Amino acid sequence: MKIHVSLLDTTYMNSMQSALNASLLRQQVYANNIANVNTPGYKREQVHFDSILQSQLAASGQSMGISTGVVQPLSLEANNTRDIGTNVGSATALGTVSPVVTTDSSTAIGGNGNNVNVDAEMSALAENQVGYGALVQDMNDQFSMLRTAILGS
């Protein structure tokens, strides 16, 4: 598997920014769920983002620059509908993908109507932190490559 990411791929950068925002929201939701573990009647909340982003990527014909064995050709970025290129609006659309918070009211763990499992929330919180760190590292790598391309060495 080869990874091909253009230095100026704004679709990729917009997707990364949306993923970072979703990760921050997840952190807040998990923390709120943990804080309300003993609140009678509280129903846990969850963040949906990955499936929304994947459907938006599929709709725009983008693959976030990742291909399986085939290096994708360099595409032109269009900023205006009169520019050469067909991806006008796709980068913008991906940058506006927003996470959705829903309430899980289908389950109840305790006798008080609360459905927060603190162990599951702590595990999800740790997983989210690792994912956030990976996203930040990837963004730093992208900016480092861009800096190298502009300034040399």
Side-chain angles (χ1 to χ4, degrees), residues 1-39 41-79 85-110 113-147 149:
M1 179 169 104
K2 294 180 181 178
I3 298 175
H4 171 75
V5 178
S6 169
L7 290 176
L8 301 176
D9 189 349
T10 57
T11 302
Y12 182 77
M13 295 303 279
N14 288 341
S15 301
M16 294 294 289
Q17 180 180 0
S18 294
L20 283 170
N21 291 337
S23 184
L24 288 173
L25 181 61
R26 273 193 196 102
Q27 196 79 3
Q28 293 169 348
V29 166
Y30 292 142
N32 192 42
N33 288 343
I34 292 168
N36 287 293
V37 69
N38 293 323
T39 303
Y42 179 81
K43 299 296 183 186
R44 68 178 294 273
E45 294 181 332
Q46 53 194 0
V47 176
H48 301 278
F49 176 73
D50 298 344
S51 61
I52 297 170
L53 180 63
Q54 286 176 354
S55 65
Q56 187 70 29
L57 283 169
S60 68
Q62 301 293 320
S63 64
M64 292 183 65
I66 299 172
S67 63
T68 55
V70 178
V71 176
Q72 298 174 351
L74 183 63
S75 62
L76 297 175
E77 183 67 32
N79 298 319
T86 59
N87 59 352
V88 174
S90 63
T92 303
L94 290 173
T96 60
V97 173
S98 299
V100 175
V101 178
T102 61
T103 301
D104 179 14
S105 57
S106 62
T107 59
I109 292 179
N114 188 315
N115 66 353
V116 175
N117 179 342
V118 71
D119 293 333
E121 297 296 324
M122 292 296 286
S123 176
L125 185 72
E127 180 182 343
N128 188 53
Q129 287 174 337
V130 170
Y132 182 82
L135 287 170
V136 168
Q137 182 63 48
D138 196 21
M139 290 285 280
N140 285 335
D141 290 346
Q142 294 298 313
F143 288 123
S144 178
M145 285 192 303
L146 186 59
R147 184 179 323 117

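Because only heavy atoms are used, hydrogens play no part in the values below, and waters and symmetry mates are left out as well, while side chains stay in. This structure is a prediction, so every number in the text was calculated from the model and none was measured.
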Looking at S55 and S51, would you say the former's side chain and the latter's main chain have a donor-acceptor pair under 3.5 Å? yes
Please confirm whether the backbone N or O of D119 pairs with a side-chain atom of S123, one donor and one acceptor, at under 3.5 Å? no
May I have all residue pairs that pass salt bridge (charged side-chain N to carboxylate O under 4.0 Å, His left out) and include part of residues 43-60, sequence neighbours excluded? R26-D50, R44-D104, R44-E121
Could you tell me if the side chain of Y30 sits less than 4.5 Å from the side chain of V47, heavy atoms only? no
Where is the tightest heavy-atom contact between T107 and N115, given as atom of each residue plus distance? O-CB, 3.2 Å
So the salt bridge (charged side-chain N to carboxylate O under 4.0 Å, His left out) pairs with at least one residue in residues 13-25 (sequence neighbours excluded) are none
Nearest atoms (heavy-atom pairs only) where N114 meets N38: ND2-N, 4.0 Å
Return all side-chain donor-acceptor pairs below 3.5 angstrom for residues 124-136, not counting sequence neighbours, or 'none' if the list is empty.
unit_1 : atom_1 : unit_2 : atom_2 : d
N128   : OD1    : S23    : OG     : 3.1
N128   : ND2    : S23    : O      : 2.9
N128   : ND2    : Q27    : OE1    : 3.0

Quick one: do the D141 and Q137 side chains pair a donor with an acceptor below 3.5 Å? yes
Tell me the closest heavy-atom pair linking L25 and P99, and the distance in Å. CD2-CG, 3.6 Å
